[in-house]
Amino acid sequence: MKKERLELFRRMVLIRRFESHAEACHAKGEIPGSLHTATGQEAEIVGSCMALRPDDYMVGNHRSHGHPIAKGAAINPLMAELFGRSTGVCGGKGGSMHLSDFSVGSLGETSIVGSGVPVAVGAALGASLQGSDRVSLCFFGDGATNEGAFHEGMNLAAIWNLPVIFLCENNLYGVSTPAAEVISVKDIAERGAAYTMRSEIVDGQDVDAVFDVVGAAVSRARAGEGPTLVEAKTYRFAEHAANMGRVLLERGPELEEWLKRDPIELYRSKLIAGGTAADDLLAIETEIEDEIIASLDFARNSPYPEQSEAFTDVFTEPVPIPAWLNVVEDGDG
Amino acid sequence: MKKERLELFRRMVLIRRFESHAEACHAKGEIPGSLHTATGQEAEIVGSCMALRPDDYMVGNHRSHGHPIAKGAAINPLMAELFGRSTGVCGGKGGSMHLSDFSVGSLGETSIVGSGVPVAVGAALGASLQGSDRVSLCFFGDGATNEGAFHEGMNLAAIWNLPVIFLCENNLYGVSTPAAEVISVKDIAERGAAYTMRSEIVDGQDVDAVFDVVGAAVSRARAGEGPTLVEAKTYRFAEHAANMGRVLLERGPELEEWLKRDPIELYRSKLIAGGTAADDLLAIETEIEDEIIASLDFARNSPYPEQSEAFTDVFTEPVPIPAWLNVVEDGDG
Amino acid sequence: MANVSFLEAIRQAQFEELSRDENVFLMGEDVRCNVFGTTTGFVEAFGKARVRDTPISEAGFVGAAAGASMVGMRPIVDLTIATFAYPAMDQICSIVAKSRYLYGGQARLPLVLRMCMFYGNSNAAQHSDRPYPMFMGMPGLKIIVPSNPADMKGLLKSAIRDDNPVMSFEDGTLWSSKSTVPDDDDFLVPIGVADVKREGTDVSVIAVGGSVQYALAAAETLAGEGVSVEVVDPRTLVPLDTKTILNSVRKTGRAITVDPAHQSCSAASEISATIVERAFSHLKAPVLRVTTPDTHLPFSPPIEKPLYPSPERIIAAVRKVMDS
Amino acid sequence: MANVSFLEAIRQAQFEELSRDENVFLMGEDVRCNVFGTTTGFVEAFGKARVRDTPISEAGFVGAAAGASMVGMRPIVDLTIATFAYPAMDQICSIVAKSRYLYGGQARLPLVLRMCMFYGNSNAAQHSDRPYPMFMGMPGLKIIVPSNPADMKGLLKSAIRDDNPVMSFEDGTLWSSKSTVPDDDDFLVPIGVADVKREGTDVSVIAVGGSVQYALAAAETLAGEGVSVEVVDPRTLVPLDTKTILNSVRKTGRAITVDPAHQSCSAASEISATIVERAFSHLKAPVLRVTTPDTHLPFSPPIEKPLYPSPERIIAAVRKVMDS
Ligand SMILES: Cc1ncc(C[n+]2csc(CCOP(=O)(O)OP(=O)(O)O)c2C)c(N)n1
Ligand SMILES: Cc1ncc(C[n+]2csc(CCOP(=O)(O)OP(=O)(O)O)c2C)c(N)n1
Ligand SMILES: [Mg+2]
Ligand SMILES: [Mg+2]
């Protein structure tokens, strides 16, 4: 239990430091594309993923970095992916919005809002058809619950009694839009009623609470008792994405209030109050910092993909490469 | 009030007789395409439409015949449309699934399940932006409530507090599929909870009850009190569509039970019990029979559209007609 | 070899593959009740878990099929009519077509999306689309468009065994057509290989799906006039067997492309563009397209039916290129 | 005349039309907060009812725009990035494109669907599509693809005033480009009219959207080599001004079609097919396409950027047709 708690702490810090370094590299222009950080949301991510077995499935979204880290993915390929290198977890093809590591049960971090919900349901359907007891965890934001795909996926999971945990990361905004203005229920958990689906609200800043609530949902799902909708109340501390200053609305004192509930600091205090030595936590943090620095070296020293890699993985067979790219001849025709 | 009640009766019978003749013509091959009748559902259709003002908006679906009739459309152009004639309400371009008469406020009878829901919401949005007090009525089946478009439309109407009446014609099946197997709530009305939307269940075989429930929803909507979801419990007496014998599942005693609750016969009894002379009702029915027979003549004697009509109404301007059709020269190029 | 209909070919392909591999399962609206006759006896043989009726939730169940395929299942999704793919468009484009690429090959999505193209029968504009060209521009989706029962069976079986997403566009005008189909459980038609359905020397007619039958009829008529038409059926549009098409055109020097889709950005346009790009020096005449004009399909039979490709229109086009 | 950017041209067009006609309103995700700079000052000028933030419900709000347009409003829908049109595909195809036809002209749908095409900037496969060819095969949708700020403003204003649905595909590679744009509130560029962006006599380069700039750059380089390139910008893909395109090719006898879309069933393919069909006797060389190959777009910059049309690729294609 102690070990588990330290691991919860460790993974939250790992996400925080990973993203903090990534932001710096993005600002320097080392990381291309967009970058959506989950700073402030680490507890709901880690608490959920740690409630899973390693072989359970998971689907995430554009705010993708935390999910694989929380599920136990190796850091180097994640960082290399942000840098667009061939050693990246997706071979440099996915980038920041798509840090999906299938070796830890991930089935995609998909950046089209809501699109992962049916996929997670399908993984659970597959598991149930195969007679396995794996469950499927789906992360999505408050904004995603307004997409049709969310609704259709929820209903499918309900009627087929599938082992899915729908984890709504309610960080109160979709880009600049307050959830309260575009979602017609006070608590997203109420949306479970449309599917006779059990739903729970949990403090997304309290990693133990998330672990417990999701853990109970996982147990039910594994026991054949069907899906659960879990709404984690949380907050993102940063802009929607790096360099989107214009849409960092004046959030006023709200941000200040939430910063007081930084999930890592809350947990640090709790652990220390429970008898963990502060130095043990600092040691973990130092170790993590080293790990991240090493991953930056790994990423920077990794090669970019070859041009021909742009043509693999469309299908399991390669597709023709046009001759003008001077890679190989287009043998066709 | 008496007059209104007779009109409720008249419109129900009009739908019944219209469809009964249409089925016969379809069986004879006079009417092409598919034909979905609403026999058994006349009360929910007429009760809803009669609760509207003539200038209110309405959107329907593939089971389209009853909606315009209930809203007061002229019969001849509807029948001619079934026959694919140029005098049809859609000029012969729509057919049975699309009997939409814009002159009575209809904005489409759309045969893609669920697709009308956002349209009805948009009409209400338009009305509200224009400062008008028109309301928008949307018909859809039980099956449609599993489509994403339903969910998105409901949420929009709720957050924008729009004057929409969502009228679910729950006839217990989508083609061969029992609602109970694919919808995860007992009553579809429960889906209102996902949008904090007022919802009502009404006996869809009782035209007065539907009129009252929808009337109250209309009053609220007109008064700026927002949308209502109304679930009318009803039943279709016929197959999903004409000539789909294979999918008329053995519905067993259920069908017998529902046939006892034929909305027209129920209302006849009620009217007679309330003092209406049976002969007055028969007179209405005779008159309707004549009207339908006349509409059949009208349809049969109407010309088919010209080939060039296939190229109008793509845009407000005509599109080029290819030369090989020998209609007019394709001036282009 | 038995003489079977197009629909029966579909049934056989599905039945055999469901029997062969327990990871194969079928899902869609009203698949159990066997509306069109492609699932006769399936519930009895495979049970309701593998012959799965879905809610009317195209995005939901296409996405669910994608998820199931990623964990090792091989779903066949019956979308019934092709326009019902539109509500599932995002799942098809963003998930089914792109997941393998986006994740650098970590994902494998062996699934089949079947849909029939119902046209020419007064189904009106919302039910008459032939939308495969939309998907030809979306990498990551294989596309089959079989033109007879044997190809239907052989291609569908290949599709079910393929490790990639395959869209099967089944032409409703062929439903009742019959041809001999091998009984062999392992009868496969390879994806990506065109078929010269008739050899000829004067003009190559490259025809898609339901228009192959009209190309063959036209060729027969024209043979009587001394014009020798080669009919090439691409059979699969992705990958497109350009080699066979180009070889034919290089031989005949003339080409007509025939496609029931709307003309703009059709498969016919794509094939014509490929021909002029890569066989120009062999061309003796313009490459003409016989397609459906860019208007919607009206309900009224007399004005709907003339809009599609027909033997007459193909014959007229062939005569035109023979004269030029 | 002021020198303005592409994004500023969009802002001006919207601002002027919102000011001119109170039935015009704007809706989309985060339109109020002005993410890209096309709605600066809009909330203050027009209020929140007419500058309407929506939930992330593309099908819902596109359909709502359709409904509003049917009752007399003129919505501008900002879908932000083009791939977000996929969740709304059914509303676009089944409702927006077909309602007028299906109901025999009873409906009128004056609405604009704006979306930007973000590519070449490491947005990866789910955010990099240029999907206008998909919609070219769907009758009932006008399509504009402006290639500079003046066309952007003039075409968007025409689109907002048009009584039909218009899709506006806004090429992200042009966002910061500048050109002089008339200040006139009634400056309109007509929909359906191509523009010869540069006259020439040897080769016609028909280029779409963001590739027009590369065609012009290529023409400039080639002029130095004594090759005279005519650059034709269709500007609108539906209706397509085939007359201007064909006149150019009939004059030069050579054509290259350039299009940032994937090659299969692209606008480039459609234009090539039209040329070989209708100007064959004038052609001195194959019609070559310069497009994006049929693979997805990878995140990693060094392997993404070379996949799109470029001046170099256009120059190579022109040299090839000059040599043949
Ligand atoms: C279908 C779709 N529409 C719009 C977008 C653009 N977009 C990216 S993230 C985002 C906000 C998502 O909000 P939420 O689901 O609450 O997740 P959060 O970003 O708050 O974690 C939007 C609108 C998208 N990626 N996909
Ligand atoms: C998007 C879509 N999917 C499938 C269909 C085929 N279809 C036509 S009617 C129907 C059943 C509709 O059921 P319901 O909504 O309950 O209406 P009902 O027919 O019972 O009146 C189906 C599946 C369709 N038209 N549109
Ligand atoms: Mg959010
Ligand atoms: Mg029903």
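All chains are named by letter (A, B, ...) in the order of the sequence lines, taking the proteins before the strands, and each is independently numbered beginning at 1.
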Which portion of [X] sits near chain B, non-hydrogen atoms under 4.5 angstrom:
X        : result
C:Pro301 : side chain
C:Leu307 : both
C:Glu304 : neither
C:Pro302 : both
C:Tyr86  : neither

Heavy-atom proximity to chain C below 4.5 Å, by part of B:Ser308:
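When you check distances to chain C, no heavy atom of B:Ser308 falls under 4.5 Å.
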
Under 4.5 Å to a heavy atom of chain C? For B:Glu306 that would be backbone

(message) Tell me whether B:Arg191 contacts the main-chain N or O of B:Thr145 through its side chain, where contact means a donor paired with an acceptor under 3.5 Å.
(response) yes

*Is it true that a side-chain atom of B:Asn146 and a backbone atom of B:Val182 form a donor plus acceptor pair closer than 3.5 Å?*
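Indeed, once roles are kept as given, a pair shorter than 3.5 Å links the two residues.
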
Sub-4.5 Å side-chain heavy-atom contact between [X] and [Y]:
X        : Y       : result
B:Asn171 : B:Arg63 : yes
C:Ile76  : C:Gln14 : yes
B:Phe83  : B:Cys25 : yes
B:Phe298 : B:Arg85 : no

- Message: Just so I understand: if I count every heavy-atom pair under 4.5 Å between each of C:Gln263, C:His127, C:His296, C:Arg313 and chain B, which residue has the most?
- Response: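 Result: the option with the highest number of such pairs is C:Arg313.
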
Per-residue tally against chain B (heavy atom, under 4.5 Å) across C:Ala316, C:Ser300, C:Ser122, C:Gly60 peaks at C:Ser300

Residue from B:Asp313, B:Thr312, B:Ile112, B:Val113 scoring the most non-hydrogen pairs under 4.5 Å with chain C is B:Ile112

Shorter than 4.5 Å, heavy atoms on both sides: which option in B:Pro32, B:Ser115, B:Ala144, B:Gly33 has the most such pairs with chain C?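 Top count of heavy-atom pairs under 4.5 Å with chain C: B:Pro32.
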
Side chain to side chain contact (heavy atoms under 4.5 Å, CB included) between C:Thr257 and C:Glu270, intermediate numbers included: CA-CA 9 Å; C:Thr257 57; C:Glu270 176 59 26; over 6 Å; no

Checking B:His26, B:His36, B:His65 against B:Glu19 for side-chain hydrogen bond (donor to acceptor under 3.5 Å, both in side chains), the one that qualifies is B:His65

